[in-house]
Amino acid sequence: MKKKVVILTLNDYIIYQPTILNLYDFLSPHFDVTVVSFQPQYVTKQKDETRNIIYLETDYWATQFYQKTDFILSKVVGVARKFLPKLNYHYLYYNHYLPNLLKTSLKKLELGADIVIAVDLAALHVAQALYGSVHFLSLEIDNQSNSYYKKIDHNKIKSVFIQSQMRSDYLFPHARLRTFIVQNAPVFDSKRTDVEGRKDFIWAGTIDRRFGVLDCIRFFDRYAQYRLVLKGGRDRKTMMMIERDYHHLVQSGRIHINQDYLPADAFIDFISGFRIGFCFYAWDMIHASFNYQTAPSGKMFMYFAAGVPVIACNIPGFSFVKDFGAGVLIDDYEPATIYRAIQEIEANYKQYSDACYRAAEYFSFDRNVEPYIQFLLKEG
């Protein structure tokens, strides 16, 4: 009989978390795998119906209470931060309500897990409280202000699954933990698409102003010869801003918004029809957060797998773009800067595209996750 693996996450958009989905798929031949997540509500309503995922339900009135409280208190803290720059606010919905609901639900479910993998710090705290020693999968990092960071027991972490040694050292500077470096990348497929047939540009991933999508759109407003497709889940407020400020681009077809969900393979095929992809974070978010300074975005690896060169913000987490020659890193989002990056890529387009495929093969999920699987098979 296969041992039972339970993966715990507080997020409600698991279809946009390929690390978890890929890990599920590669563990499934060896283990009985269950993911515990939350009912999708915000970025998407789409569920993954092909895998064994338990979607926990939040209470409507409790959700309304915590989110309205968070909104008010975060505004107050935002004003107070002008006088007390180090003041932080820990959102009650994510840091109190959801962890408590996860803990209560797990007690009722009685899943009988042999191996528990907790995604990020709040879930790790819950898992340690219920199961003792567990495995840790890190997607987001914030040990400076996360209220759970000081609550976790480093001695009860069996392993760390993370994107880079830099991020691991930041989280656990004094701990010696078994660490596996695996990027949020798809499995490499050696097939290639004809670069001659590619046209237009692609923004793949969440349509959110925090990720610089409005700065990206500003370029297309300035340079009328180019077209952009926005493909992915959306932030409601960002979509309202696009409709308000760039309705003329959407109306004319120069900006096309496509929010249909596609599984990873189909998503890569879709991306492969475009010439250049974008991967940005808002600069104020980069400057304020180690997480975004070092975060290798999952959509970046989708671009690589599709052989599509990238224009991305110049941060430590994207240094491999320069290392492989798979795109151009920029230090600001001015339309003229983006235009120069486009010209640089177009001058040697096939060279950049080939470099993307080399990067995709190097970071391929299957070859990098294998040591982790073998570890779990032995460790249990």
Side-chain angles (χ1 to χ4, degrees), residues 4-25 27-28 32-71 74 90-113 116-127 129-131 134 137-140 146-148 184 205-208 210-211 231-240 258-264 266-267 298-299:
K4 187 172 185 61
V5 171
V6 174
I7 301 173
L8 308 176
T9 177
L10 293 181
N11 292 322
D12 70 344
Y13 46 88
I14 194 164
I15 65 167
Y16 291 118
Q17 293 188 304
T19 293
I20 297 176
L21 300 182
N22 281 337
L23 184 59
Y24 178 103
D25 292 342
L27 289 176
S28 291
D32 176 11
V33 186
T34 300
V35 177
V36 180
S37 180
F38 281 84
Q39 195 81 289
Q41 299 180 62
Y42 302 109
V43 173
T44 180
K45 302 286 187 183
Q46 182 81 32
K47 288 184 180 180
D48 183 306
E49 304 285 5
T50 65
R51 298 171 176 89
N52 183 24
I53 301 174
I54 297 173
Y55 293 97
L56 303 180
E57 293 271 5
T58 56
D59 178 77
Y60 175 80
W61 293 111
T63 296
Q64 291 296 307
F65 169 77
Y66 281 109
Q67 292 190 340
K68 283 179 168 51
T69 301
D70 282 336
F71 176 78
S74 65
H90 307 299
Y91 285 82
L92 295 173
Y93 179 73
Y94 190 81
N95 289 290
H96 177 74
Y97 177 59
L98 290 186
N100 285 341
L101 180 56
L102 176 64
K103 189 174 184 178
T104 302
S105 301
L106 289 171
K107 287 179 179 178
K108 292 178 181 178
L109 288 170
E110 296 182 345
L111 295 175
V116 175
I117 302 172
V119 180
D120 292 330
L121 294 174
L124 177 61
H125 177 69
V126 171
L130 292 178
Y131 303 107
V134 298
L137 193 166
S138 173
L139 295 181
E140 303 289 335
N146 189 290
S147 58
Y148 287 99
N184 189 10
T206 308
I207 305 168
D208 192 321
R210 298 176 306 148
F211 299 152
K231 175 68 173 175
R234 87 290 182 265
D235 169 70
R236 184 176 60 84
K237 289 183 179 179
T238 303
M239 294 299 293
M240 290 172 62
N258 182 331
Q259 295 180 271
D260 296 336
Y261 173 72
L262 291 174
F267 193 43
K299 65 183 178 184

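With sequence neighbours excluded, no residue forms a side-chain hydrogen bond (donor to acceptor under 3.5 Å, both in side chains) with Asn22. The side-chain contact (heavy atoms from CB on, under 4.5 Å) check on Ala118 picks up Ala123, Leu124, Ala127, with sequence neighbours excluded. Every residue meeting the salt bridge (Lys or Arg N to Asp or Glu O under 4.0 Å) condition with Lys4, not counting sequence neighbours, appears here in chain and number order: Asp32. Asp208 meets the salt bridge (Lys or Arg N to Asp or Glu O under 4.0 Å) test with Arg210; sequence neighbours excluded. Ala266 pairs by the side-chain contact (heavy atoms from CB on, under 4.5 Å) definition with Leu262, Pro263, not counting sequence neighbours.
Put simply, the side chain of Thr238 does not reach to within 4.5 Å of the side chain of Phe211, judged on heavy atoms. At a threshold of 4.5 Å between non-hydrogen side-chain atoms, the residues Leu92 and Phe65 do not count as touching. Contact check for Tyr97 versus Asp70: no side-chain heavy atoms found under the 4.5 Å cut-off. At a threshold of 4.5 Å between non-hydrogen side-chain atoms, the residues Leu130 and Val116 do not count as touching. Taking the side chain as every heavy atom from C-beta outward, Leu8 and Val134 never approach each other to under 4.5 Å. Side-chain contact between Leu21 and Val35: absent, with no pair of heavy atoms (C-beta onward) separated by less than 4.5 Å. A 4.5 Å side-chain heavy-atom check between Leu10 and Val126 finds every atom pair outside the cut-off. Within the 4.5 Å cutoff, the side chain of Asn11 has no heavy atoms near those of the Ile20 side chain.
Ring orientation note: the planes of Tyr66 and His96 are tilted relative to one another, at an angle of 30° to 60°.
Proximity of a side-chain donor or acceptor of Ser37 to a complementary backbone N or O of Tyr13 within less than 3.5 Å is not detected. Of the possible donor and acceptor atoms, none in the side chain of Asp12 sits under 3.5 Å from a partner among the backbone N and O of Phe38. In this structure a side-chain-to-backbone donor-acceptor pair under 3.5 Å is missing from Asn258 to Lys231.
Residue Lys107 comes nearest to Glu110 through the heavy atom pair O-CG, 3.2 Å, listed as atom of the first residue, atom of the second, then distance. Ser74 approaches Tyr91 most closely through the heavy-atom pair CB-OH, 3.4 Å. For Lys103 against Ala129, the heavy-atom pair with the smallest separation is NZ-CB, 4.0 Å.
The salt bridge (charged side-chain N to carboxylate O under 4.0 Å, His left out) contacts involving residues 49-59 comprise Asp25-Arg51, Asp48-Arg51, where partners must be two or more places apart or lie in separate chains.
The one candidate from Ile7, Val6, Asn52 that meets the side-chain contact (heavy atoms from CB on, under 4.5 Å) condition with Val33 is Ile7.
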